[in-house]
2 protein chains.
Amino acid sequence: MKPNHLPKNPPHDLKQLHEQVTTKLSQANYRYTDNRRRLVETLARYGRPVTLPDIINADPALAQSSIYRNLELLENIGVTCRIAIGSEHAHFELAEQLVGHHHHLICKACGTVQDVHLDLQIESLLEESLAQIASRANFSPLHHTLDLHGRCADCK
Amino acid sequence: MKPNHLPKNPPHDLKQLHEQVTTKLSQANYRYTDNRRRLVETLARYGRPVTLPDIINADPALAQSSIYRNLELLENIGVTCRIAIGSEHAHFELAEQLVGHHHHLICKACGTVQDVHLDLQIESLLEESLAQIASRANFSPLHHTLDLHGRCADCK
DNA sequence: CTCTATTATAAGAGTGAGTCTCATTATCAT
DNA sequence: ATGATAATGAGACTCACTCTTATAATAGAG
């Protein structure tokens, strides 16, 4: 899975992001509507996994049902990704295909999630080791998630 | 965090498990009731994270509300652990304090979760690297989770 | 052994994140 | 333009999980 290792887009690179999303949407015969543009842009601006209330908070004109529908659609074409934190709300962010492979710092107190990158050397050692484990268990690996739980700077 | 690295209890070691749980419960001034015994034993027998339906399936006499209540109580005293997979149901298993630190293979198709152990050497490299990342972000780490997503032997 | 205070249980009502429905609106192809 | 298709959004609905409350079990005092 090469795309996982692309560097993360800098946040100012919205134009390129929109181009990539446009391509993916049109390949799947979907339209890049204003709603979807704003949703993608909101996720890009946050630059970390956020909940539905976060999204509505950033762009109150978006309707809850539309956001959920579009997040699912965008997830299916590899633009968006839903992650299950312990929180009552699911978290959503741009897919690793677009922003690069990364991991999360999850604050047990406030629930905020922050993106971090692991040293490339350890990342590849890890992948090797996981591949071994998978083959031993006759398991076809697709991707891994590595989260660090604790307390963020603001909460300690 | 020494306890994370204790070896996993073999499944036949129910007696010792019950002793440990008894201690933890009495230290917190709780009783080790029949309900709680059976819940702990069910989790031990599965030996992997399971959902509430799984638990009821294994022991239909247990009441849903009691299971949830006891799982929360047991989690608070470090006997049990709730994990958020993408699934509609939460998963529960015995805490790492009791069964040792481990990771998960998560099947995207059937949702089954399987425990696996990472090579100790890589595990400690990983912890070092995570500690570095945490200190750089002024984050107080408590524990990490590492899951491999893919398709299990039965589903591919 | 009682008795009493405390803890645990379980049925079912309640909550709320997320999904589905459907009538309306926007967009594309011709 | 116009008909066909795709997208939207308000609100009804679902269902995992939590809360309430009346009952049952247990521990400890006397």
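Chain identifiers are assigned alphabetically (A, B, ...) following the order of the sequence lines, protein sequences preceding nucleic acid strands; residue numbering begins at 1 within each chain.
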Other members of the hydrophobic cluster containing B:I85, with the 4.5 Å side-chain heavy-atom rule, please.
B:I83, B:I106, B:V113

B:F92 has an atom CZ; how far is it from atom C1' of D:dT18, in whole Å?
12 Å

Sole residue of A:R38, A:R36, A:R37 in salt bridge (Lys or Arg N to Asp or Glu O under 4.0 Å) with A:D34
A:R38

Contact class for A:N35 vs. all strands (heavy atom < 4.0 Å): base, sugar-phosphate, or nothing?
sugar-phosphate

What are the atom names and distances for every N/O pair under 3.5 Å that joins the protein to nucleotides 25-28 of chain D?
none

Are the aromatic rings of B:H144 and A:H104 close, with centres under 6.0 Å apart?
no

Whole-Å distance separating the CZ atom of A:R37 from the P atom of C:dT27
13 Å

Over how many whole Å does the gap from A:D34 atom CG to D:dG9 atom C1' extend?
15 Å

To the nearest angstrom, how far is A:E88 atom CD from D:dC17 atom C1'?
12 Å

d(B:L39 CG, B:D59 CG) to nearest 0.5 Å is 9.0 Å

With a 4.0 Å cut-off on N to O distance, would you call A:R45 and A:E41 a salt bridge?
yes

Quick one, A:T112 and A:R48 - any side-chain contact, counting heavy atoms below 4.5 Å?
yes

For atom CD of A:E72 and atom P of C:dA17, their distance in whole Å:
19 Å

Round to the nearest Å and state the distance from B:R38 atom CZ to C:dT9 atom P.
10 Å

Neighbours of DNA chain C within residues 59-70 of chain A, by heavy-atom distance under 4.0 Å:
A:Q64, A:S65, A:Y68

Whole angstrom is fine here: how far is it from CG in A:L25 over to P in D:dA6?
14 Å

Interatomic spacing from CD in B:Q27 to OG1 in B:T22 - rounded to 0.5 Å:
11.0 Å

Rounded to the nearest 0.5 Å, how far apart are CG of B:L105 and OG of A:S140?
11.0 Å

Distance to the ring centre below 6.0 angstrom and angle to the axis at most 45 degrees; does that hold for B:R151 and A:F139?
no

Between B:H89 and D:dC15, does any side-chain N or O lie under 4.0 Å from OP1 or OP2?
no

Whole angstrom value for the distance that separates P of C:dA17 from CD1 of A:I55
14 Å

